[in-house]
Protein chains: 2
Amino acid sequence: MPTRKQEKVVSLKDITVACQACSLNEICLPVGIENKDMERLDAIIDRKRPLARGEHLFRIGDRFRSLYAVRSGSLKTYATSEDGQEQIMGFHLPGELVGLDAIANDVHPLAAKALETTSICEIPFDSFESLSNQLPSLQRQMLRVMSQEIHNDEQNMLTLGQRSAEERLAAFLISLSNRYRRRGFSSTQFNLTMSRGDIGNYLGLALETVSRLFTRFQNEGLLKVERRNIELIDRQRLCHFSSANCYGDNPDNT
Amino acid sequence: MPTRKQEKVVSLKDITVACQACSLNEICLPVGIENKDMERLDAIIDRKRPLARGEHLFRIGDRFRSLYAVRSGSLKTYATSEDGQEQIMGFHLPGELVGLDAIANDVHPLAAKALETTSICEIPFDSFESLSNQLPSLQRQMLRVMSQEIHNDEQNMLTLGQRSAEERLAAFLISLSNRYRRRGFSSTQFNLTMSRGDIGNYLGLALETVSRLFTRFQNEGLLKVERRNIELIDRQRLCHFSSANCYGDNPDNT
DNA sequence: GTTGATCATTGACGCAGATCAAGAGTGGAT
DNA sequence: ATCCACTCTTGATCTGCGTCAATGATCAAC
């Protein structure tokens, strides 16, 4: 096994997990990468000490050096307006990439903060670029991932611009559900790792509205929610509520 | 000069314009591409017959084969909800790329329609990919363009989620202004190629609200507007209204 | 156990902006 | 010129959701 840079804090078990064996490998970079190529990708990836809840992975204005993939836990990314108000732009679950928006200007336009204890793979962009020059499949994969991200952002724009509070929250829950399922977690029962305030902020709603909607959805038998724990009872109907296309159960986020 | 596929309808003057000489070359793919490389890029680009107002460049669900760059004129991209409602996701001005969201799933998730007579460069994605395998600079440039697109979409999400009607319209006008300036057009006087309805749809506002805001902005001396023709009188103040960062006059869109 | 901090729920009220409705330009077709 | 189809403006109402405020849970610290 090739040696690689490692943090002392990381357990032995952790650092012996290669991308190849990692349950996230088809997630980070879903398809079309050969095993042999995967080894080379693996070699450039740096596994970092886990972040504690509230710790920053990077801050607004930080120089861009690496992309990051969430291995476990979750992050939020946010901008701040001049008056210091936080505006959440996304939540990031295991297997999702963070930092794609920083490539263009070599600066992170958003900050990323852990919502819970979170471990991360760091992918130094230099190494990534030179590797992808040699591996067309990696390059192609990267374009797909970024394209998907653009597509997702468009979906979010649609939700924010045209949907009612009810539709937004429903769409949000379905989105989380899809993303969890895709990673092999339960799609009907999971923990919200973010507060009502965070959800409201992200969806462009007051936190009170979010809270009211949760109770209403619960009364209507759509779901059961208790604090951060949520169970989707009638996913079908919830999905219908979101006025999204609930057909192909589209892969949704990154 | 290398021969290339050409539509009979295109004037001679048009087809002799190479990417190299094209006023758009640093726009489509802004930096870091050598002249020699630019020639090779130029060779794969297909110039198409202009679209008439209302014509589609592609429709939702169309197979993805090419990226497109607007040469002159303008496009809108939009999704349709099941009830046939149109939801506009973006407007595209000369020098901007369209279709980046289609790479991920080989299908166009949005339709693109000409707002006026519009000419287009078609960039077949196959050729583009194999060329970019040979040209690291092109590859890098593509990542930057896509990253910028993600960043822009995030900005739009912020606007839609948190801003008032007034702020949204101001931000929209400033964005157009920046994009026109960047292409060498006037940043204070230009034509809106889209209707009030389109603007409202895009910004998540009723067309009546857009109309009212235009008159209000005019009364307040921020701008002068007559039908589709607009002149920004007090760009500073308008920018301040938009609660965006008006400092570096950020490049804004793609 | 008590205290304090954070987070969530619920109610009362008001407003920004949607919706409904009625004209008024404007431009192309004939 | 006249007509028709659009697009835009402006006014009058209505309502979804934000804001303000009070109370209740949960959890960590000690």
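Below, each value reflects all heavy atoms present in this structure, side chains not excepted, and no hydrogens, waters or symmetry copies.
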When the distance from [atom1] of [X] to [atom2] of [N] is rounded to whole Å, what number comes out?
X	N	atom1	atom2	answer
L203(A)	dC17(D)	CG	C1'	14 Å
I199(B)	dT9(D)	CD1	P	10 Å
L213(A)	dC17(D)	CG	C1'	10 Å
N229(A)	dC27(D)	CG	P	12 Å
F214(A)	dA8(C)	CZ	P	9 Å
N219(B)	dT9(D)	CG	P	12 Å
R227(A)	dC27(D)	CZ	P	6 Å
N191(B)	dT7(D)	CG	P	16 Å

Side chain to side chain donor-acceptor pair (under 3.5 Å) between S74(B) and E116(B), worked out: CA-CA 6 Å; S74(B) 51; E116(B) 58 191 315; 2.6 Å; yes

F190(A) and F185(A) aromatic centres sub-6.0 Å: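 When the ring centroids of F190(A) and F185(A) are compared, they turn out to be at least 6.0 Å apart.
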
Distance flag, aromatic centroids of F58(B) and Y68(B), threshold under 6.0 Å: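 Yes, close enough.
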
Using a 4.0 Å heavy-atom cut-off, does [X] contact any base of the nucleic acid, only the sugar-phosphate backbone, or nothing at all?
X	value
L207(A)	base
R53(A)	sugar-phosphate
G204(B)	sugar-phosphate
S211(A)	base
A206(A)	base

Side-chain donor or acceptor of S147(B) paired with backbone N/O of A104(A) under 3.5 Å: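 Yes; judged by distance alone, with no hydrogens or angles, the pair exists.
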
Would the base of [N] count as contacting [X] through its side chain, where contact means a donor and an acceptor less than 3.5 Å apart?
X	N	value
E208(B)	dC8(D)	no
R228(A)	dT6(C)	no
E226(B)	dC8(D)	no
R212(A)	dG11(C)	yes

Salt bridge R65(A)-E122(A), side-chain N to carboxylate O under 4.0 Å: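 Looking at E122(A) together with R65(A), the answer is no, because their closest N to O distance does not fall below 4.0 Å.
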
Salt bridge E96(B)-R71(B), side-chain N to carboxylate O under 4.0 Å: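 Salt bridge: no.
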
Any R196(A) side-chain N or O less than 4.0 Å from OP1/OP2 of dA8(C):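 Indeed, a polar side-chain atom of R196(A) lies that close.
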
Side-chain N,O (T209(A)) to OP1/OP2 (dG18(D)) below 4.0 Å: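 Result: yes.
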
Among dA8(C), dA18(C), dT9(D), the nucleotide that comes nearest once only the side chain of T215(B) is considered: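 Nearest to the side-chain atoms of T215(B), counting from C-beta on, is dT9(D).
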
Nearest listed nucleotide, side chain of S195(A), among dG18(D), dA8(C), dC20(C):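 Selected nucleotide (nearest to the side chain): dA8(C).
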
